[in-house]
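Structure first, commentary second.
As the structure is a computational prediction, the values presented were derived from the model and not from experiment. Below, all heavy atoms of this structure are taken into account, side chains as well, without hydrogens, waters or symmetry copies.
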Amino acid sequence: MYRFVEASRRSLISPFINQMSQFQQFSRQPNRLIPNFLAHTRAYMSTTAHEKSPFESNVLRILRNEIQYQSEYAPPHQASTEFNSFRVEDRPGEQWITLMGKFGGNETIKIEATMFDGSVAVPKSGDDSNAEDVHLHISLLVDISKGEDGCDLEFVCSSWPDHMEIQKVYIFRRGDSLTRPYMGPNFRDLDNKLQNALLEFLKARGVNDDLSVFLHEFMMNKDRTELIQWLTKVMSFVEK
């Protein structure tokens, strides 16, 4: 079964690449059997072959300035490794993170959260009724398992800056060969009492509005970190 997080992972083109080492100039003693002028010519050609064009030099200058600006204007801080009862596992170079937790004596909770993957415009509060704010969106897959029976209860959720919403609830069976399993009705089509009961079910396990606020703060920091790393990788490639 194609789960949305697995599809998201396959769509990412973000492998973690080690930073390129600085280029060391190649030099050698000229062969005594070769005329001096020919040895000097070869040395000159070896040096100029790696000189950057004005265009490349300009690109490198802009990249260095952008890296410096991003590092000084809003420098990312050390990412949190836990939140309440959850252990937070960042994935450098990827667009998602994992949170792991326990509930009761037999429940394991696994949360997979994307970086910002959408936004909506909302009216700005205050006197200026024509102005708008942008609320960013994070997608969550909350997996709750009990024991080793291979049957999990999963919630597809939307994390907004100040609250959490459920979009879908379904049973996932690990190893199930069904190509198009029934995923249940849309959450908003359920009876209001059932909707509230399922929201309380998640809140009791720490999947609540406070978690949503934390995720948005975490992803803002991760977004800055990933941007600086991306700029550095591009600069290292151009420098080669």
Subject >> Nearest non-hydrogen partners of Lys222 and Arg91, listed with the distance >> reply: NZ-O, 3.1 Å
**OP:** Without swapping roles, check the side chain of Asp191 against the backbone of Lys193 for a donor-acceptor pair under 3.5 Å.
**Re:** yes
Original post:
Can Ile109 and Ser85 be said to form a side chain to side chain contact (heavy atoms under 4.5 Å, CB included), step by step?
Top reply: CA-CA 10 Å; Ile109 303 172; Ser85 61; over 6 Å; no
Original post:
Is Glu239 paired with Arg64 through a side-chain N to carboxylate O contact shorter than 4.0 Å?
Top reply: yes
Subject >> CZ-CD1 distance between Arg87 and Ile111, expressed to the nearest 0.5 angstrom >> reply: 12.0 Å
Original post:
Should the ring pair Tyr69 and Tyr73 be called parallel, tilted or perpendicular, given that the plane angle runs from 0 to 90° and is split at 30 and 60?
Top reply: parallel
Subject >> side chain to side chain donor-acceptor pair (under 3.5 Å) partner of Gln68, chosen from Glu72, Gln70, Glu66 >> reply: Glu72
Subject >> Nearest-0.5 Å distance that lies between atom CG in Leu198 and atom CD1 in Ile166 >> reply: 5.5 Å
Original post:
For the side chain of Glu226 and the backbone of Gly93, is there at least one donor-acceptor N/O pair under 3.5 Å apart?
Top reply: yes
Original post:
So how far is it from Thr225 OG1 to Trp230 CH2, rounded to the nearest 0.5 Å?
Top reply: 15.5 Å
Subject >> Which atom of Asn208 lies closest to which atom of Met164, heavy atoms considered >> reply: O-CE, 3.6 Å
Subject >> Distance, nearest 0.5 Å, that separates NE2 of His163 from OG of Ser158 >> reply: 8.0 Å
Subject >> Ile144 and Phe103, any side-chain heavy atoms less than 4.5 Å apart >> reply: no
**OP:** Check for a donor-acceptor pair, side chain of His216 on one end and backbone N or O of Ser159 on the other, with a separation under 3.5 Å.
**Re:** yes
Original post:
Cluster question for you: counting only ILVMFWY and a side-chain heavy-atom cut-off of under 4.5 Å, with indirect links fine, are Val59 and Ile62 together?
Top reply: no
Original post:
Just wondering, do Leu140 and Phe155 contact through their side chains at under 4.5 Å, heavy atoms?
Top reply: no
**OP:** For side chain to side chain contact (heavy atoms under 4.5 Å, CB included), just list the numbers for Met100 and Thr108, CA-CA rounded to whole Å, side-chain angles, deciding distance to a tenth of an Å, and then say yes or no.
**Re:** CA-CA 8 Å; Met100 300 294 298; Thr108 299; 4.1 Å; yes
Original post:
When rounded to the nearest 0.5 angstrom, what is the spacing between CG in Asp209 and CG in Leu199?
Top reply: 9.0 Å
Original post:
Stepwise, does the side chain to side chain contact (heavy atoms under 4.5 Å, CB included) test hold for Val156 with Tyr170?
Top reply: CA-CA 9 Å; Val156 179; Tyr170 59 93; 3.8 Å; yes
Original post:
Which heavy-atom pair separates Phe218 from Ile97 by the least distance, and what is that distance?
Top reply: CE2-CG2, 3.7 Å
Original post:
Between Pro161 and Val213, which heavy-atom pair has the shortest distance, and what is it?
Top reply: O-CG2, 3.4 Å
**OP:** Calculate, to the nearest 0.5 Å, the distance between atoms CZ and CG belonging to Phe214 and Leu99 respectively.
**Re:** 6.5 Å
**OP:** Report yes or no: does Glu154 contribute a side-chain atom to a donor-acceptor pair with the main-chain N or O of Leu141 at less than 3.5 Å?
**Re:** no
Subject >> Hphob cluster co-occupancy, Trp160 + Val122, side-chain heavy atoms under 4.5 angstrom >> reply: yes
**OP:** With the side chain counted from C-beta on, respond yes when His137 and Asp117 share a heavy-atom pair under 4.5 Å apart, and no when they do not.
**Re:** yes
Subject >> Residue pair Glu112 / Trp96: nearest heavy atoms and the distance that separates them >> reply: OE2-CZ3, 3.7 Å
Solution key, residues 74-82 side-chain donor-acceptor pairs under 3.5 Å, sequence neighbours excluded:
none

Subject >> Asp223 side chain vs Met219 backbone, donor-acceptor pair below 3.5 Å >> reply: no
Original post:
Okay, side chain of Lys110, backbone of Thr98: is any donor-acceptor separation there less than 3.5 Å?
Top reply: no
Subject >> Within 6.0 Å of CE in Met220, more than 12 heavy atoms from elsewhere >> reply: no
Subject >> Nearest atoms (heavy-atom pairs only) where Val169 meets Phe187 >> reply: CG2-CD1, 4.0 Å
